[in-house]
Amino acid sequence: MENEITLPESEFFAENTKITIIPNFKHAGFQILSGFYGPLRPSVAIEVPLWLGVFLKRQQKCRIIPPAWMDLQVLKDKFEEERKKEEFSELDFYYMEVSSLLLAHAKEDIPNHVLICRLIQDLQDLRTSKIRNSLQKITVENLYANFKDIASIELQAIRRLLPATYDSIDYMRKTENND
Amino acid sequence: MIKGSYWDIDDILAEEEPVMIETTKEIKGAGFLYPQGTDLDLKKSSRFSIPLWLGISMARRDLAKIEVPKFFSDSYRNTLKADPKIISLKERTNYFFEVGIKLSDSLDGAELVKLLYKVFLARFIHLFNEITHNSDPKIIKKLTELELELYEKGMRAVRELYDWKERKFDIIRTGQSVAKNTKRFKLK
């Protein structure tokens with residue numbers, strides 16, 4: 001039971017995504033497990049893992065450039081697309097984790113961060129209701145539900161539930177065929 | 001989830017469900033099975049209730065016939081087909097689905113199982129709705145043991161999401177079972 005991925009763990013995975021920062025200090029570079037990042041020069045943009053960016057940001061040593069999808073207009077378009085489409089629209093797999101980390105630690109680097117925060121929340125609600133809707137359509141004859149482009153945060157809601165349910169149904173079906 | 005394994009505790013408990021049987025033969029030396037019976041032998045066509053596991057193995061040896069339990073009778077099946085969501089299966093038996101599967105060999109087999117997983121799926125979809133909408137916790141009164149397990153899994157995911165959003169996850173908390181125990185120690 002306990003070896004399932006929890007949300008803090010998936011947040012940990014999300015911290016490995018790359019993000020662009022603009023440092024305001026000089027450094028030869030960081031040699032870490034995922035590779036070498038450097039050299040850092042003031043006002044020269046460089047790509048580092050998210051956790052390193054947040055770590056530096058907390059010490060006021062850099063400015064974070066939010067990812068391209070974390071823009072008000074882009075998110076508004078995504079939201080419209082999401083509303084029209086029946087399936088999930090394409091989004092960063094860790095969109096919720098990355099955005100919540102950035103909104104918590106680098107608010108001042110994100111233009112319109114209040115609106116963006118609200119939009120992402122709305123987006124997540126919308127996507128969660130999509131899971132519900134597609135489960136609504138499942139029948140015994142057609143146990144298939146399309147969860148393409150599902151993101152980590154939505155996966156969380158069904159990660160434990162759906163496999164157990166499908167296993168139980170499978171078990172019942174097997175006894176039916178045995179007769 | 002149904003494991004159906006020999007060591008599964010739910011599987012064992014499901015087999016405790018009482019069923020009515022009617023013996024088809026005289027069974028020598030089995031008089032003790034009959035409630036308040038003093039005879040040494042079990043007479044032919046005596047009706048009484050025994051645990052499911054014994055009933056099944058007696059039926060398999062053609063010693064007895066299992067009667068269809070009330071919750072698998074035709075009229076109840078019709079009720080189930082009409083609206084599986086609102087029925088309290090727990091009222092009937094805690095192990096509705098498991099008992100159904102185990103009985104399917106002795107009853108009408110495939111048809112019963114088909115009904116079972118149809119009911120299970122319909123109830124699951126309803127359950128999932130309830131979980132994601134954070135609605136009435138009274139729903140658990142209607143759930144069988146199998147569904148309750150799913151409900152708890154779902155609720156844990158909901159709680160986890162909430163905790164994560166509130167950033168409460170890095171606090172180490174006492175496990176539920178331990179918390180209950182300490183309370184009892186204090187009372188002493």
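In what follows, chains carry the letters A, B, and so on, assigned in the order in which the sequence lines appear, proteins first and then strands, with residues in each chain numbered from 1. As the structure is a computational prediction, the values presented were derived from the model and not from experiment.
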### Task
Measure distances from A:T139 to the heavy atoms of chain B and classify the residue's part below 4.5 Å as side chain, backbone, both or neither.
backbone
### Query
Can you tell which of A:K84, A:R83, A:K85 makes a salt bridge (Lys or Arg N to Asp or Glu O under 4.0 Å) with A:E81?
A:K85
### Query
Using the ring of each side chain (for Trp, its six-membered ring), is B:F72 parallel, tilted or perpendicular to B:F96, with breaks at 30° and 60°?
tilted
#### Entry: Region of B:I101 in contact with chain A, defined by heavy-atom distances below 4.5 Å
side chain
### Query
Salt bridge or not for B:K153 and B:E149, using N-O below 4.0 Å?
yes
### Task
Would you mind checking which part of B:I131 comes under 4.5 Å of any heavy atom in chain A, side chain (CB onward), backbone (N, CA, C, O), both or neither?
side chain
### Summary
Of the listed A:T128, A:L162, A:T165, the one with the largest count of heavy-atom pairs under 4.5 Å with chain B is A:T165
### Region of A:E11 in contact with chain B, defined by heavy-atom distances below 4.5 Å
side chain
### Query
Can a salt bridge be assigned to the pair A:K148 and A:E87 using a cut-off of 4.0 Å between side-chain N and carboxylate O?
no
### Message
If I measure from the heavy atoms of chain B, does A:I138 come under 4.5 Å with its side chain, its backbone, both, or neither?
### Response
both
For a quick test of your reading: what N or O donor-acceptor pairs under 3.5 Å do the side chains of residues 115-128 of chain B make, sequence neighbours left out?
| residue | atom | partner | partner atom | Å |
| --- | --- | --- | --- | --- |
| B:Y117 | OH | A:E176 | OE1 | 3.2 |
| B:R123 | NE | B:E147 | OE1 | 3.4 |
| B:R123 | NE | B:E147 | OE2 | 2.6 |
| B:R123 | NH1 | B:P84 | O | 2.9 |
| B:R123 | NH1 | B:I87 | O | 2.7 |
| B:R123 | NH2 | B:K142 | O | 2.8 |
| B:R123 | NH2 | B:E147 | OE1 | 3.1 |

